[in-house]
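To start, the structure under review is shown below, and the notes come after it.
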Amino acid sequence: MTQLADLPDNEQVRIARLQALGVLDTAPEEFFDSVVELAAAICEVPISLVSLVDGSRQWFKANHGLPESKETAREIAFCAHAILHQGVM
């Protein structure tokens, strides 16, 4: 059973700021791809992502280790839980 994440108190502001960045659904960029490759190597893990959570999904700006995945539904996104916390989880 999946535990759905609550919406953050600042959800409307957070979504507006995310949309203002103009990064959602943009093409891959070498800088972000390098970041996820380096993170995977340093942490010795097979998967590393730069993910952005909008109103309905978690979208991957950069993806190392899940080549067929571009996004997931917000309901199953770990990052939907992470944005509810200020500190390290």
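A distance of 7.5 Å separates OG in Ser56 from CD in Glu71, rounded to the nearest 0.5 Å. In this structure, Asn63 CG and Leu49 CG are separated by 5.0 Å, a value rounded to the nearest 0.5 Å. Remark: Arg57 CZ to Thr72 OG1 distance equals 10.0 Å, nearest 0.5 Å. The CD atom of Glu37 sits 9.0 Å away from the CD atom of Glu30 when rounded to the nearest 0.5 Å. Note that CD of Gln19 is 12.0 Å distant from CG of Leu52, once rounded to the nearest 0.5 Å. The CG atom of Leu18 sits 6.5 Å away from the CG atom of Asp54 when rounded to the nearest 0.5 Å.
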Exercise for review: Show your working on side chain to side chain contact (heavy atoms under 4.5 Å, CB included) between Ser69 and Phe60 and close with a plain yes or no.
Suggested key: CA-CA 8 Å; Ser69 297; Phe60 305 137; 3.9 Å; yes
Review point. Could you walk me through whether Arg74 and Glu11 pass the salt bridge (Lys or Arg N to Asp or Glu O under 4.0 Å) check?
Key: CA-CA 13 Å; Arg74 183 175 178 153; Glu11 180 71 352; 2.6 Å; yes
**Study point:** Step-by-step side chain to side chain contact (heavy atoms under 4.5 Å, CB included) determination, Phe31 to Val50
**Key:** CA-CA 11 Å; Phe31 172 78; Val50 172; over 6 Å; no
Point to revise | Stepwise side chain to side chain contact (heavy atoms under 4.5 Å, CB included) test for Val23 and Lys61 | key: CA-CA 8 Å; Val23 71; Lys61 174 62 180 166; 3.9 Å; yes
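The residues Lys70 and Asp25 are annotated as not salt-bridged, no charged nitrogen and carboxylate oxygen being separated by less than 4.0 angstrom.
In this structure, Phe32 and Ala62 approach most closely via the heavy-atom pair O-CB, 3.4 Å. Taking every heavy atom of both residues into account, Pro28 and Asp33 meet most closely at CB-OD2, 3.9 Å.
Grouping the Ile, Leu, Val, Met, Phe, Trp and Tyr side chains by contacts below 4.5 angstrom, directly or via other members, places Leu21 with Trp59.
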